[in-house]
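So the structure is just underneath, and the comments pick up after that.
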There are 2 protein chains.
Amino acid sequence: MTARDPNPPSRGLRRTKDDVVDAALSVLDRVGLPDLSMRRLAEDLGVQPSALYWHVASKQELLAAVSARILAPVALRPGDPTDLGRAAVTLGHRLHDRLLAHRDGAEVVSSSLALGLVDSPVHDALRTVEDSPAARVVADAVTHYVVGVTFHEQQRRSADVWGTAASEVSLTASSVDSTDDGGFAAALALIAAGIAAWQESVGRPLDA
Amino acid sequence: MTARDPNPPSRGLRRTKDDVVDAALSVLDRVGLPDLSMRRLAEDLGVQPSALYWHVASKQELLAAVSARILAPVALRPGDPTDLGRAAVTLGHRLHDRLLAHRDGAEVVSSSLALGLVDSPVHDALRTVEDSPAARVVADAVTHYVVGVTFHEQQRRSADVWGTAASEVSLTASSVDSTDDGGFAAALALIAAGIAAWQESVGRPLDA
DNA sequence: ACCTGAACACCGTTCAAGT
DNA sequence: ACCTGAACACCGTTCAAGT
């Protein structure tokens, strides 16, 4: 059901909640978060603004659904590393790519995450490799670092990069920005190094 | 009407930009970010909304000035650790404290930081202990982790306040969630451990 | 089940004009 | 230099009523 018809949902027909989320993501990519209003979205769907509130309880709930859609592909797949450190780094890069795949993606996800309306996919995925307090700490560190730095990154380049083509480029995103990413990869490596050092001294608190 | 703060800007007198920032911080603490509007702030200052735009170019610029005020005490002081790892942890805790010192502090700072309208005080302070690419990476990791986790923390806190408002138990809030901070200190320790491990292998990339 | 029409209670910002 | 008055172009959300 993720493979949706990218074409207009037929002017005169009824919409599903999924259609509304689709449209919201598409409006987001075209006009950005500051211009994504319920009224603009309704116009795009050929519907009155009030109609949206049949499908969704509030704008924030809608943005949470959009966030969930953005984050869905961030998971561990067969063949991925199975140790905590390298799994965390893999997920960090995957999260980064996904946030960059949509205009203002990091900002949308940041607030949904803070409001607790969506869960960190890094958290969920790392739990399957190791269900421990340490894994939760690592998941938090990776999630908040990646979301924070991507938010900052995305504001800086909001004007020029997002001129026209938007929603089709999820695959090229990682190669595009890998030129600028020395600091990003380094920070994930830093966290991975922390995990290794920590695991060598299990039980002893590293904070003095 | 409104009980005025320590320094009453005197009903009939002119205001300075500093007065406006003071008032904004005070309104923020009283009503929270969602209800901090230019109109609400103007009312508090006994002035028309349009008057604010003589002191400030936009609401975002004002929030950046508020952020700078919140972050001002986050710095290294005499007697603080002078090695990168322990200085970073010290600054992380100090940043955490400052964000928690004002209602919705993390959210205000998060967006000012992302918009590039204010600089991370961790970045500035760590530069004085070691001006290197590694120090910049560490500053970013600490800043984004602390801001992200505190944002999340602060939302949960206000949700809890709403939840327990009916039972009128107000004093327990701060003691309840200060017990929950093991993960926070642990994550800073993780980053510190990463720094130590990294420094033992300078030049060798830790990311594989 | 899904949507319209109309309203309510707001926003940030601009700008000529006042003092 | 600092502020008023009035407007402009918007918001999110609710709700009775229609189909």
Inset, instruction - Could you provide the dot-bracket string of DNA chain D, using ( ) for intrastrand pairs, [ ] for crossing pairs and | for bases paired to another strand, with Watson-Crick or G-U pairs below 3.5 Å? - result: ||.|||||...|||||.||
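- Judged by distance alone, with hydrogens and angles left aside, the side-chain atoms of A:His96 form no donor-acceptor pair with the main-chain N or O of A:Thr150 at under 3.5 Å.
- Across the protein-nucleic acid pair, A:Glu43 atom CD and C:dT4 atom P stand 13 Å apart, rounded to whole Å.
- Comparing D:dT13, D:dC3, D:dC15 by their nearest atom to the side chain of A:Ser50 picks out D:dC15.
- For the pair A:Leu63 CG and D:dC11 C1', the computed distance is 14 Å after rounding to whole Å.
- You'll find that the side chain of B:Tyr53 is closest to C:dG12, out of C:dG12, D:dG12, C:dC3.
- Side-chain nitrogen and oxygen atoms of B:Ser37 include at least one within less than 4.0 Å of the OP1 or OP2 phosphate oxygen of C:dC11.
- With no hydrogens or angles considered, no side-chain donor-acceptor pair links B:Ser50 and B:Gln48 at under 3.5 Å.
- When the side-chain nitrogen and oxygen atoms of A:Arg39 are compared with OP1 and OP2 of D:dG12, none of them lie within a distance under 4.0 Å.
- The interatomic distance linking A:Arg15 (CZ) with C:dC2 (P) rounds to 11 Å, in whole Å.
- Whole-Å rounding puts the B:Lys17 NZ to D:dA1 P distance at 16 Å.
- There is a side-chain donor-acceptor pair under 3.5 Å between B:Arg30 and B:Ser26.
- Donor-acceptor pairing under 3.5 Å is lacking for the side chains of B:Ser58 and B:Gln60.
- Rounded to whole Å, the C1' atom of C:dC2 lies 13 Å from the corresponding atom of D:dA17.
- Put simply, the side chain of A:Ser58 and the base of D:dG12 share no donor and acceptor less than 3.5 Å apart.
- Taking atom P on both nucleotides, C:dA9 is separated from D:dA9 by 23 Å, rounded to a whole Å.
- The nearest whole Å value for the distance from the CH2 atom in B:Trp54 to the C1' atom in C:dT13 is 18 Å.
- To the nearest whole angstrom, the two C1' atoms, one in C:dA16 and one in D:dC3, are 13 Å apart.
- A side-chain donor-acceptor contact under 3.5 Å links A:His93 to the backbone of A:Val89.
- Regarding contacts with the backbone of D:dC3, a side-chain N or O of B:His55 is found under 4.0 angstrom from either OP1 or OP2.
- A salt bridge is defined here as a Lys NZ or Arg NE, NH1 or NH2 lying under 4.0 Å from an Asp or Glu carboxylate O, and B:Arg136 with B:Glu130 fails to meet this definition.
- Atom pair A:Gln48:CD and C:dC2:P shows a separation of 18 Å (rounding to whole Å applied).
- The distance between atom CG of A:Leu33 and atom P of D:dC11, rounded to the nearest whole Å, is 13 Å.
- Between B:Ala101 and B:Asp29, the closest heavy-atom pair is O-OD1, 4.4 Å.
- In this entry the distance linking CG of B:Leu36 with C1' of C:dG12 reads 12 Å, nearest Å.
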